[in-house]
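For clarity, every value in this text was computed on a predicted model and none was experimentally measured. Just so it is clear: chains get the letters A, B, ... in the order the sequence lines come, proteins before strands, and each one is counted from 1.
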Amino acid sequence: MDYNFVEIEKKWQTYWAENKTFKVKEDPSKPKYYVLDMFPYPSGAGLHVGHPLGYIASDIYSRYKRLKGFNVLHPMGYDAFGLPAEQYAIQTGQHPDVTTEQNIARYREQMDRIGFSYDWSREVRTCDPKYYKWTQWAFLEMFNHWYNNDTRRAEPIAELTVRFGKEGNLKVNAANNAQKEFSAAEWNNFSEVEKSEALMWYRIAYQGETAVNWCPQLGTVLANDEVKEGFSVRGGYPVEQKKMKQWQLRVSAYAQRLLTDMETLEWTDSLKDMQRNWIGRSQGAEMIFKVSNGKREYDMTIFTTRADTIFGVTFMVLAPESEWVDILTTPEQRSAVDEYLLAVKKKTERERIAETRKVTGVFSGSYAINPLTLEKVPVWISEYVLAGYGTGAIMAVPAHDSRDYVFAKTFNLPIIPLIEGCDISQESFDAKDGIMCNSGFLNGMSVKEAIPAAIDYVEAKGIGKRKINYRLRDAIFSRQRYWGEPFPIYYKDGIPTPMSESELPLQLPDVDKFLPTESGEPPLARAENWTYRGYPIEKSTMPGFAGSSAYYLRYMDPHNDSALVSHEADEYWRNVDLYIGGTEHATGHLIYSRFWNKFLYDCGYVCELEPFKKLINQGMIQGRSNFVYRIKNTNTFVSYGLKDRYDTTEIHVNVNIVNNDRLDMEAFKAWMPDYHNAEFILEDGEYVCGYAIEKMSKSMFNVVNPDQICEKYGADTLRMYEMFLGPLEQSKPWDTKGIDGVHRFLRKLWRLYFDRDEFCVCSDNATPDELKALHKLIFKVQNDIESFSFNTTVSAFMIAVNELSDLKCNKRSILEPLVIILSPFAPHIAEELWHLLGHNESISFAEFPKFIDAYVVEDTFEYPVSFNGKLRFKLNLSKSMSAKEVEAAVLADENTTRFLQGATVKKVIVVPSKIINIVC
RNA sequence: GCUCAGGUGGUGGAAUAGGUAGACACGCAGGACUUAAAAUCCUGUGGGCAGCAAUGUCCGUACGGGUUCGAUUCCCGUCCCGAGCACCA
């Protein structure tokens, strides 16, 4: 009987669906395990072979954990709000709802074909009102909370209102963007509008005016992680900085907790590093400088991490957008400053980035007083100082900061070295290393001593204090687009007012067109009656990350109408044990989700501080494009090896008509009418194509569709081959050559169970060789799966099946466990064989075979022995000893005992086939 | 510029903790079965040198040093590729 994967796979996929095999519910008798994939955005192009890589890995792990007795939650859904559907809608007039629905159906069909063990009864879609009710709910909760820096948690805004009534905002230690201070009396005299404004400075979801990334082509603002090198990540349009009033989330309030709690996570170092970088903690001090524009004196605060260098301050620099610019510009300098500001403003974000390190600046005309030396130093304005970080003003120490150095050289400002023996003739000395000089009371100290000493000094003198700054900014939360969650906010006499929870979801209204209005308002302005009790409703919608921030919680209790997740479900499933997805979300989704979770934790809705315990980033699968070489002005194509003899054009050729870089010439002629009469110059009778590794995309004809692979080889082959391709985390090109090897393996495995056409498994006792092959496999598979080394697991299966094949093994005691071990990787063939072996229940309910250590030790005569890592001699041991016997023999050996000289043996480690380590 | 991850045959990649480098697979070459093809199976396959041969021997994990009885693995320096951040004071 042949291995008929088409029939087998269809049969078991239907069986799993009909029997709801992978449906789970809370079960206190079993330990839980939550395996999550980053849910996909359902694009019109469907899945290509790169998409399922992570899903296959998570599915293998889920199935493995089930065999190990865990109650596994393994759900899937769709991140369905987003720009492509909206842009398609603008072009075609087709409602995004319709295209989204179609795309989801296609995704589902493709995923089903690969045989994933998802619990589809828990599916979520972010664009479903039943789902986004809870996105809106979370927003309202954030609107109704503020962040208390003393208790380090979010607290209800109602309590803040009470405190304002009693003591104003002076004593409140909160994360805020307050514009002014007020007393209790002032608060009590505030109008409703003034109160609303003041509270807005404290809300965790707040409306505030800041410089935002504005993308004119998309007609919307974007968050920092949606912009790369001055262009929008989606679409690649230029982005400019603009001051606008937008909804924001006070993510910055959580900066320290996001940093601290990261220590507990099992994420890769590089990913943690990216987040650390993004959060950008830096420890230093704020210092007050007296500044004067000739008429009046002011206190100006700056931030520095190098308080020790204060004796070397020779000028100050303001960001062009700083409010100090206007105050400190003197009448004589006014026109020069205005000209400079105009020039800076005209630059696009892109030019600014391109011209990084080009030095520009202008003198304000004012001076500052160095609080320690009492010297007068000029105040300059330059774009190298950023308005959004620290206070938007710096003290410049050209001797020990490379940017200040270049600026000083350009504008001929003095440079004072502060570290003994440093050479600053060519460049600044930035290292925090050396002995201080020219620095008054700091002289003779090392830099590391001088930094805290300087801060202590300024704190004592009342001219500064310790301060920690973060680069993490609040997240811009509104988008001027249609296809997103509407804000449950209306404007009552101009005051942003939340709707009540019972009125959610606020459904997305229908509009005639999906474009902004002529007057530049967002598309929702087109909706008829977009009002609430006669008041206008907010017209922006929420960004993509809103819906994806808490979806992992919703899976725990997806049909609950009265809560995002019930306490019971949350207490049982807690958080995600294993999360698999791409690195591209490192500074977006993975920060927002952590923030969102911590906020819900503060409010008591969830029981875990972190959403994703362990995270694995699967690599990207790139395309492998093939080329043919057309001799210019002819219809003749020359094979790769001969192309240099002619003047040729390189043309992408559909990879699906190329096999092992050999072109199927007939298929090529049929591919496009132009090539119908193509002629070929061959090498050894074959046409060899060139290749390149590129992004998988339609235009390069290098897209490989998983359906094609399933059709030709079956889902089990696809699953195993994707794992076999290389380490999960590594990016690699898809290359179909090699898939035959994996397919051959499955056929070979199938044949183990058959004698000619008869299913043939006997119940004789297994031989030691057969047992050894099996147990080596169990050992290897367990180790490898636990360390996510799936590519070597596939190799281990191949070795085991080759060995059993050579032994002509047909023993049930070997072949039955083999099926169980294989089932996470190739579930369809495993399920079929499992039933042929006489089982009625799905293999998912089987137990992973126990490993007997006696069969792991390899036969070998000479074991190298290492003693605390140092090799001293070799030891002769007999064949087929168990680990324990080897250990006993080591301890009994004369050479060993002589060498140990009475030291106590703590541990004897026998590594199969390799070496014995003796730890004393 | 800074941070992180990597560099192993013709190719993808193995090598548990410093212990036989190149597992497994692809490709290639040769062979068996077959009228033939497909499928299947077997053998060989890092490089050099010696030999009819079994085999022997030297060199080999980007490059140069170091630690070690022993280094693909650890340390220092150089080069190259990839990813992220990019005037964050």
Side-chain angles (χ1 to χ4, degrees), chain A residues 2 228-229 268-282 284 302-307 309 317 319 352-353 355-359 382-397 400-404 406-407 430 469-473 583-584 586-587 617 619-620 624 660-661 691 720-721 724-727 729-742 744-745 747-748 751 779-780 783-784 787 789 791-800 802 805-806 860 862-866 869-874 909 911-917 919:
Chain A
D2 280 345
K228 251 181 202 140
E229 288 168 8
T268 59
D269 287 340
S270 70
L271 198 84
K272 284 186 182 178
D273 235 73
M274 274 158 88
Q275 289 214 344
R276 256 180 231 125
N277 233 308
W278 192 258
I279 296 167
R281 182 185 203 264
S282 79
I302 58 94
F303 175 74
T304 181
T305 53
R306 292 293 302 273
T309 60
V317 189
R352 225 178 135 140
I353 288 162
E355 289 170 13
T356 293
R357 307 210 178 270
K358 193 171 151 190
V359 185
S382 172
E383 56 182 334
Y384 85 86
V385 175
L386 303 176
Y389 184 77
T391 61
I394 62 153
M395 64 179 215
V397 186
H400 302 292
D401 182 288
S402 53
R403 296 152 305 185
D404 298 344
V406 175
F407 194 84
D430 290 12
N469 259 328
Y470 300 90
R471 287 162 64 176
L472 184 71
R473 308 291 157 82
T583 2
E584 66 271 22
T587 52
N617 295 116
M620 280 239 285
R624 189 176 189 281
N660 293 335
D661 290 338
Y691 73 90
M720 293 201 90
Y721 185 56
F724 186 63
L725 226 39
E729 276 114 323
Q730 197 172 300
S731 282
K732 58 232 159 191
W734 175 265
D735 189 352
T736 311
K737 93 179 176 195
I739 196 166
D740 286 311
V742 172
R744 228 167 266 161
F745 153 75
R747 281 203 307 252
K748 198 167 187 173
R751 283 200 304 275
F779 177 83
K780 180 83 179 150
N783 269 339
D784 285 1
S787 60
S789 174
N791 54 330
T792 54
T793 322
V794 178
S795 297
F797 278 119
M798 291 178 173
I799 294 167
N802 279 338
S805 223
D806 289 346
T860 175
E862 282 197 333
Y863 280 88
V865 176
S866 91
K870 310 261 173 191
L871 177 86
R872 298 301 168 180
F873 47 84
K874 289 188 174 178
I909 306 161
V911 182
S913 86
K914 288 290 179 193
I915 194 162
I916 299 166
N917 286 302
V919 181

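Considering only side-chain atoms of A/Pro727, the nucleotide from B/rG84, B/rG13, B/rA89 that sits closest is B/rG13. With B/rU16, B/rA86, B/rG84 as the candidates, the nucleotide lying closest to the side chain of A/Phe779 is B/rU16.
Counting non-hydrogen atoms under 4.0 angstrom, A/Ile394 reaches a base of the nucleic acid. Residue contacts for A/Arg473: at a heavy-atom cut-off of 4.0 Å it reaches a base atom on one of the strands shown. At a threshold of 4.0 angstrom between heavy atoms, the contacts of A/Glu729 with the nucleic acid are absent.
The closest side-chain heavy-atom distance from A/Tyr470 to A/Arg281 is below 4.5 Å.
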Watson-Crick and G-U pairing of RNA chain B, under 3.5 Å, as dot-bracket with | and [ ] | ((((.((..(((......[....)))((((((.......))))))(((((....)))))..(((((..]....))))))).))))....
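Distance CG (A/Asp2) to C1' (B/rA39): 9 Å, rounded to an integer number of Å.
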Please list, pair by pair, any protein nitrogen or oxygen found under 3.5 Å from a nitrogen or oxygen in nucleotides 2-11 of chain B.
unit_1	atom_1	unit_2	atom_2	d
B/rU3	O2'	A/Asp273	OD2	2.5

All N/O contacts under 3.5 Å from nucleotides 22-25 of chain B to the protein, with atom names and distances to one decimal?
unit_1	atom_1	unit_2	atom_2	d
B/rA25	OP1	A/Asn802	ND2	3.3

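Between the side chain of A/Asn791 and the backbone N or O of A/Leu725 there is no donor-acceptor pair closer than 3.5 Å. When atom types are taken as modelled, the side chain of A/Gln275 and the backbone of A/Ala586 share a donor-acceptor pair closer than 3.5 angstrom. Within the 3.5 Å criterion, the main-chain N or O of A/Thr304 finds no donor-acceptor partner in the side chain of A/Arg306. With hydrogens and angles ignored, the 3.5 Å screen pairs a side-chain donor or acceptor of A/Asp404 with a backbone N or O of A/Val397.
Salt bridge A/Lys272/A/Asp269: absent, no basic N to carboxylate O contact under 4.0 Å.
B/rG77 takes the anti form, because its glycosidic angle lies more than 90° either side of 0.
If you find the closest nucleotide of RNA chain B to A/Pro733 and to A/Asp404, the one lying nearer the 5' end belongs to A/Pro733.
Neither OP1 nor OP2 of B/rA89 sits under 4.0 Å from any side-chain N or O of A/Tyr384. A/Arg747 has no side-chain polar atom (N or O) that falls below the 4.0 Å cut-off from OP1 or OP2 of B/rC41.
Using cut-offs of 30° and 60° for the angle between ring planes, the A/Tyr389 and A/Phe303 rings count as perpendicular.
Looking only at atom types and distance, the side chain of A/Asp784 has a donor-acceptor partner in the side chain of A/Thr792 under 3.5 Å away.
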